[in-house]
Amino acid sequence: MRLKQFSFKRYYPIIVGLIVFVALSWAAAISCKIELTGLFEGIGKGMFFFKNLFPPDWEAFPEMLQPALDSLILAFLGTFFGTLMAVVFAVLGAANVSHPIVRTISRFLIGLERSLPELFILLFLIAAFGLGSMPGIICLSLGCIGMLGKLLADAIEEIDGVLIQSLTAVGANKLQIIVFGIFPEILPKLLAYSLFRFEINIRLSVILGAVGAGGIGYELDYAFSMLQYHRACSALLVVLVLIFGIEKLSAYLRNMLNIKANLK
């Protein structure tokens, strides 16, 4: 059997791409002052820290249930109120149902929210309202406007213009067009996007809880600050179970929505 000779032209794109990737990675490492020795030392220290987490404090699990429930409620309320506000901004930001000036202002506010990190918004709200669940709910609700507002506004603009023209021709006003024409068309996407945002808010509620919003995130931050690593491991396990369970439930519900949409 004759062996094929090596052809440089055949592998030229792969070789050039690999060289460019290595060169860019090397330049980025120099720019960021990354040293391989420090990287390997940091991995060793991280493994030592990871080892100190185990075994978890099994007696602390009952105490973690209430904070986990608080984080779940925090994410749910943030998603619920945020979705309602996102629908309003989406309608105002859609070119086929809104005035150009109103659309521009709405799109600007949606983009402005997306440009602000949730932690920055939460710190501002904590300064205004103090520590607790209220700043966390408002922060997550505003986050929904930035994400869901844009997605739903784009979905509204993708609606067939014949539908809107037909409703207008029979004398429907703006509110009737939105309620009976636009809303039924975007309802499947609205539910799917809201469930996906709920998953994100579950993760964010843990992070925001560590900086004052309460919930399981606060318990996790407190355990680490008090060097109670076994208790922190218990909180981490609760967070993992919570996020994994919500993801499975959300995937199941989205799948059911897709099946019903296909049947229609």
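Using a 30° and 60° split on the angle between ring planes, F50 and F54 fall in the perpendicular class, above 60°.
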| From CA spacing to verdict: side-chain contact (heavy atoms from CB on, under 4.5 Å), I216, D70 | CA-CA 7 Å; I216 192 67; D70 293 341; over 6 Å; no
| request: Kindly indicate, with the supporting measurements, whether the criterion side-chain contact (heavy atoms from CB on, under 4.5 Å) is fulfilled by V239 and S71. | output: CA-CA 10 Å; V239 170; S71 295; over 6 Å; no
| Which is it for W26 and L24 under the side-chain contact (heavy atoms from CB on, under 4.5 Å) test, yes or no, and what are the steps along the way? | CA-CA 5 Å; W26 184 264; L24 292 176; over 6 Å; no
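V206 and I126 end up in the same hydrophobic cluster when Ile, Leu, Val, Met, Phe, Trp and Tyr side chains are linked at under 4.5 Å. Using a 4.5 Å cut-off between side-chain heavy atoms of Ile, Leu, Val, Met, Phe, Trp and Tyr, with links allowed through other members, I121 and M147 fall into different hydrophobic clusters. Tracing side-chain contacts under 4.5 Å through hydrophobic residues (I, L, V, M, F, W, Y), one reaches F120 starting from M134; they form part of the same cluster.
Interatomic distance, SG of C139 versus CG of L116, reported as 10.0 Å (0.5 Å rounding). One finds the CG atom of L148 at 10.5 Å from the CE atom of M85 (value rounded to the nearest 0.5 Å).
Heavy atoms only, all atoms of each residue included: R197 and L140 are closest at NH2-O, 4.3 Å. Contact between L242 and A68 at its shortest, heavy atoms only, is CD2-O, 4.1 Å. In this structure, G146 and E113 approach most closely via the heavy-atom pair CA-OE1, 3.1 Å. Summarising the geometry of I110 relative to I145, their closest heavy-atom pair is CG2-O, 3.9 Å, with the distance given to 0.1 Å. Across every non-hydrogen atom of T83 and S194, the tightest pair is CG2-OG, 3.3 Å. The nearest pair of heavy atoms linking S106 to G93 is OG-N, 3.5 Å.
Residues L190 and L187 are in side-chain contact: their nearest non-hydrogen atoms beyond the backbone lie under 4.5 Å apart. Considering only heavy atoms from C-beta on, F224 comes within 4.5 Å of L53 through its side chain. Residues I105 and F89 form no side-chain contact, since every pair of their non-hydrogen atoms from C-beta on lies 4.5 Å or further apart. The shortest side-chain heavy-atom distance between I186 and I159 falls under the 4.5 Å cut-off. Counting only heavy atoms from C-beta outward, the side chains of E118 and L208 approach each other to under 4.5 Å. For the pair R231/M226, no side-chain contact is recorded, criterion being any heavy-atom separation below 4.5 Å from C-beta on. In this structure the side chain of F108 never reaches within 4.5 angstrom of the side chain of T104, judged on heavy atoms. Counting heavy atoms from C-beta on, the side chains of I182 and N96 never come closer than 4.5 Å.
When atom types are taken as modelled, the side chain of S31 and the backbone of A27 share no donor-acceptor pair closer than 3.5 angstrom. Between the side chain of S141 and the backbone N or O of F81, no donor-acceptor pair lies under 3.5 Å.
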